[in-house]
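Input: a single structure, listed below in structure tokens.
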Amino acid sequence: MAEVTVVKHPLVQHKLTVMRRKETSTSKFRTLLHEIAMFLAYEATRDLPVTTREIETPMGPMDAPTIDGKKVCFISILRAGNGLVDGMLTAVPSARVGHIGLYRDHDTLEAVEYYFKVPTDLGNRDVIVADPMLATGNSAIAALEKIKALKPRSLKFVCLLAAPEGIAALSEANPDLPIYTAAIDDHLNEQGYIVPGLGDAGDRIYGTK
Ligand code: URA
């Protein structure tokens, strides 16, 4: 079973509650996602390898901690992943960013890929894949399969909300994958939506419905 971290910080939980409310505006929803994403990135990067480097402060030299290795890479599962990655970049502005386009076939709920662009040297990087809603897990599983083939130094998954079904499917396909989320909801409905959830994350971020 994958290791799942639920970020229960009161600020995250309060912001998530406001996001869930159906009367919350697009602009507020987007801002809150950005803020929560920052905290999720903070948790997901907690164990990044650190080394020391000699620097000069105005008072003299010191061996100062610095993140070891190449820049972290965030990979957004389009399109809602972009909302999450935007906020994660506030926590790690120098991160590299990849994009994977997958749409959910409405009949089968299976993921179909239409776009894939990630940094060429992914093999040396710590990669964090982002998608706000871990519902059936099909998109995440398909995305991770492609990314794993490029052998990143480490791999994690960040979402805003997860369904128990999505966590089970994702961990079965990726038993060593650390998952970070702000909440695990009750269940998925027949249309593959998380209940109680917050509706369609993409529509709520971009105001398309
Ligand atoms: N995708 C969404 O945007 N919302 C859900 O509830 C499930 C998948």
Side-chain angles (χ1 to χ4, degrees), residues 2 4-7 12-13 15-41 44 74-88 98-116 128-147 156-174 177 179-209:
V4 183
T5 303
V6 180
V7 181
V12 170
Q13 294 304 313
K15 289 171 194 291
L16 177 59
T17 297
V18 181
M19 289 184 79
R20 289 180 189 272
R21 297 179 68 166
K22 61 180 181 195
E23 60 271 30
T24 296
S25 70
T26 298
S27 131
K28 186 84 188 160
F29 188 93
R30 204 181 283 153
T31 303
L32 289 163
L33 178 60
H34 192 104
E35 291 168 2
I36 293 184
M38 224 166 52
F39 293 122
L40 293 173
F74 297 147
I75 298 184
S76 158
I77 300 182
L78 299 172
R79 72 180 159 151
N82 282 5
L84 203 49
V85 164
D86 283 351
M88 290 165 67
H99 296 90
I100 301 187
L102 296 159
Y103 68 85
R104 221 167 33 145
D105 185 292
H106 275 294
D107 297 325
T108 63
L109 302 183
E110 291 293 322
V112 183
E113 183 186 312
Y114 64 89
Y115 188 77
F116 188 83
I128 303 178
V129 179
D131 191 354
M133 308 299 272
L134 177 56
T136 59
N138 291 342
S139 306
I141 290 168
L144 287 161
E145 206 171 299
K146 287 239 17 185
I147 295 162
K156 291 176 178 165
F157 184 82
V158 167
C159 58
L160 175 68
L161 271 187
E165 295 89 334
I167 289 185
L170 189 56
S171 349
E172 195 184 340
N174 305 274
L177 179 76
I179 300 172
Y180 296 82
T181 185
I184 302 173
D185 273 10
D186 194 58
H187 67 280
L188 279 185
N189 71 12
E190 306 79 62
Q191 287 78 42
Y193 280 89
I194 299 175
V195 181
L198 46 73
D200 187 294
D203 284 337
R204 297 209 60 188
I205 296 166
Y206 298 113
T208 41
K209 203 176 259 174

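Computed from a predicted structure; not experimentally measured. Counting convention: from 1, in listed order, for ligands and their atoms alike.
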* Please lay out, stage by stage, how N82 and Y206 fare under the test side-chain contact (heavy atoms from CB on, under 4.5 Å). => CA-CA 10 Å; N82 282 5; Y206 298 113; 3.4 Å; yes

* Would you sort out whether L170 and I141 count as a side-chain contact (heavy atoms from CB on, under 4.5 Å), showing the intermediate values? => CA-CA 6 Å; L170 189 56; I141 290 168; 3.8 Å; yes

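Expressed to the nearest 0.5 Å, how far CG of D185 lies from CE of M133 amounts to 7.5 Å.
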Mind listing the N or O contacts between ligand 1 and protein, cut-off under 3.5 Å?
from: ligand 1; atom 1: 3 (O); to: A201; atom 2: N; distance (Å): 2.7
from: ligand 1; atom 1: 4 (N); to: G199; atom 2: O; distance (Å): 2.8
from: ligand 1; atom 1: 6 (O); to: I194; atom 2: N; distance (Å): 2.8

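When every heavy atom of A162 is checked against every heavy atom of I194, the shortest pair comes out as C-CD1, 4.1 Å.
For the pair R204 (side chain) and T26 (backbone), a donor-acceptor distance under 3.5 Å is absent. Side-chain N or O atoms of Q13 include one that pairs as donor or acceptor with a backbone N or O of V7 at under 3.5 Å.
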